[in-house]
Structures are given as structure tokens and as C-alpha cells.
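Comments concern the structure below.
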Amino acid sequence: MAKYYYEGNLNEAVNYHKKGNIEYYVRGVINIAGRTYERYGIKTHFVGVGEDYIELMKQYVVPFVEDGDMLSISEKVISMCQANVIRMEDMKLSWITRFMSLFGKRTESGIGITEPYKLQLMIDMNGLGKVLYAGVAGVFGKLVGKRGIFYEILGKESAGIDGFYSHSAFEEYHTTATLIPREPDKVCNEIYEQCHIPAMIVDANDISVDILGKSDVLKNVSDGELAGRIEDNPAGQDDECTPFIIIRDITGREPQAYTPKKPREQN
């Protein structure tokens, strides 16, 4: 069950601000481990395949950050920059994949294997036998109240496939899927070395947050605590174009005015 599930775009006009040429949206505060953190969604253009993530940092993040800030980065942006993507036109969809996808279940967290191309990509990565085994194990796991076995067996590479969404607000993702970023810790360390910003790369949605990589300077902070700082998914799930979330410790200070978006009612 989602703790936070919003209808549409999070970019409420009342929360919009500018700092020089940088456009951003206040995303509210969150309290973790006795500290208060304010989050800011940095507005960017749609990041395309092959762009330079260091140049993106210099363009959008460096002019905004203050000492002590840290950065949360959507994994999609890094994967796009690394050209770590798969396009439908480069895939061959088999009849068995079409058949198997009929038995998938659409959930609030995503379309999963109901999308044949996503399932085909899992088969291409893991082999048909392993995917069939994971599917059967997943069914039996649900019967005894254990969920998530399917992706436990196939691993984070399969779980991290993102895209092939016909309903995506971005046309690019209708026919393109991103894989998880390559060497995410190395990417975060490069960002720190060149831009002096502690960073983490996250796979986040309205259901969960997974820390894929982080700068060495954040190694003393647990993944659980880091995930907690963005547990309400302040980057959003629609066409916000706010893939960079600045997290600022404002403990003992007043936050900026913020009007939260009302979560969608759940059935």
C-alpha cells in the first residue's frame, strides 16, 4: 500500500521559485533521526540520451546548492546520460512472451510483466527458464503471504527496468526503457569530486525508495536513513522534470512556505 500516491504533476504554482536562473519547487520538510530536512525539486529540461551528467550538475545544481546540502538523483537521468537504454524497435517479441504477459497483474507501483516488451527484456537478460522459474516461485510465494520473490530471483537489473510505458507523460518512454545505471557509486563520486556535492542515485516511486549508489562521503549514513529523506518521492511520477532533489538540513530554522499536494484517495 502506498504511503503517498498523488494524482498528476507535483509542480504546484504556489511552490514555484527562482534563484537566479534556476527554477525550483519547494517540496516540503521531513524529519529523520532528529533532524529536519527541506527538499527542493530543481526544474530541468527533458534529459536525452547521451547528455553529460557533470554538465547537468554545473547547469542546474551547482548554482543552487549551499554548504551541507546533498543531492538525490533519479536513476533514469543517469541511465539516459550513459545511453544505457533499450528501444522497442531493437527487440524481437516472441509469441511465448505475449502469452506469458497475459498472466501478469497491473499494480499501483507499475505495469510489471503485463507489458510484453518489459517481460521480453527480462527474458533476454535472464533466459526463459529463469523467468519461468521466478514466475512460478512468485505465485507460490504470494499464496503463503510473501511478495517480491519474482524480482528477488531475477535481481536488481530486472527490477530496475523502467520504461515501455504507453501512458507516460514523456513520449520517449513509450518506446524506450532505461536499465539501472552502470557503476552508480563511481558516478556519485565523480559528481562529488568535480562539483563538491554529496549525491545518491535512487530508484524511487510512490511505493518505495531504493538507493542504487552514493558518494563515499555518505557511507556513514545508512541507506535506510537516506531513503527516509525522500520517502514521499519528492521528484514526482509525472512530467515534473525535477530529477534533481536538493536535500538541506534546516534543523532549528524556519522552512520556506509550502502547500502540499493532496494525496489521491485509495480504494
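Note: hydrogens, waters and symmetry copies are ignored here, and every other heavy atom, side chains too, is used.
- In this structure, L179 is not a member of the same hydrophobic cluster as V49, with clusters built from ILVMFWY side-chain heavy atoms closer than 4.5 Å.
- More than 12 heavy atoms of other residues, nucleotides or ligands shown are found within 6.0 angstrom of CG on D52.
- Summarising the hydrophobic clusters (Ile, Leu, Val, Met, Phe, Trp, Tyr; side-chain heavy atoms under 4.5 Å, direct or chained), the residues clustered with V144 are none.
- No side-chain donor-acceptor contact under 3.5 Å links N205 and N233.
- Here R39 pairs with D232 in a salt bridge; the nearest charged N to carboxylate O distance falls below 4.0 Å.
- In the hydrophobic clustering of this structure, Y151 groups with Y117; members are Ile, Leu, Val, Met, Phe, Trp, Tyr whose side-chain heavy atoms approach within less than 4.5 Å, directly or through other members.
- Looking at E55, its side chain never comes within 3.5 Å of a backbone N or O of Y53 through a donor-acceptor pair.
- Heavy-atom contacts from other residues, nucleotides or ligands closer than 6.0 Å to NZ of K92 number 12 or fewer.
- Using modelled atom types, one finds a donor on one side chain and an acceptor on the other under 3.5 Å when comparing S158 with N126.
- Electrostatic pairing of R87 and E172 counts as a salt bridge here, judged by a charged N lying under 4.0 Å from a carboxylate O.
- A donor-acceptor contact closer than 3.5 angstrom links the side chains of Q120 and S94.
- Panel note: side chain N15, backbone Y258; no donor-acceptor pair is recorded below 3.5 Å.
- Residues that satisfy the ring pair (Phe, Tyr, Trp, His ring centres under 6.0 Å) test with Y173, not counting sequence neighbours, are F46.
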*asked:* If you apply the rule salt bridge (Lys or Arg N to Asp or Glu O under 4.0 Å), what do you find for D210 with K156, and how did you get there?
replied: CA-CA 10 Å; D210 293 319; K156 63 181 181 180; over 6 Å; no

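- No side-chain donor-acceptor contact under 3.5 Å links Y25 and E12.
- The hydrophobic clustering, which links ILVMFWY residues whose side-chain heavy atoms are closer than 4.5 Å, places F164 and L93 together.
- Between D203 and K76, none of the side-chain N atoms (NZ, or NE/NH1/NH2) sits under 4.0 Å from a carboxylate O, so this pair counts as no salt bridge.
- Taking both residues in full, the closest heavy atoms of I22 and Q59 are given as CD1-O, 3.4 Å, listed atom of the first, atom of the second, then distance.
- E38 and Y40 are linked by a side-chain donor-acceptor pair at a separation below 3.5 angstrom, with hydrogens and angles left out of the test.
- Side-chain contact, N31 with T36: a donor N or O sits under 3.5 Å from an acceptor N or O.
- Side-chain atoms of N189 and E193 include no donor-acceptor pair closer than 3.5 Å.
- The local environment of NZ in K19 is crowded, with over 12 non-hydrogen atoms from other residues, nucleotides or ligands closer than 6.0 Å.
- Between R229 and E225 there is a salt bridge, since a side-chain N of the basic residue sits under 4.0 Å from a carboxylate O of the acidic one.
- Heavy-atom neighbours of D67 CG from other residues, nucleotides or ligands within 6.0 Å: at or below the threshold of 12.
- A side-chain donor from one of H45 and E51 sits under 3.5 Å from a side-chain acceptor of the other.
- In the hydrophobic cluster analysis, where Ile, Leu, Val, Met, Phe, Trp and Tyr join through side-chain heavy atoms closer than 4.5 angstrom, I245 is grouped together with V217.
- No continuous path of ILVMFWY side-chain contacts below 4.5 Å connects L132 to F140, so the two sit in separate hydrophobic clusters.
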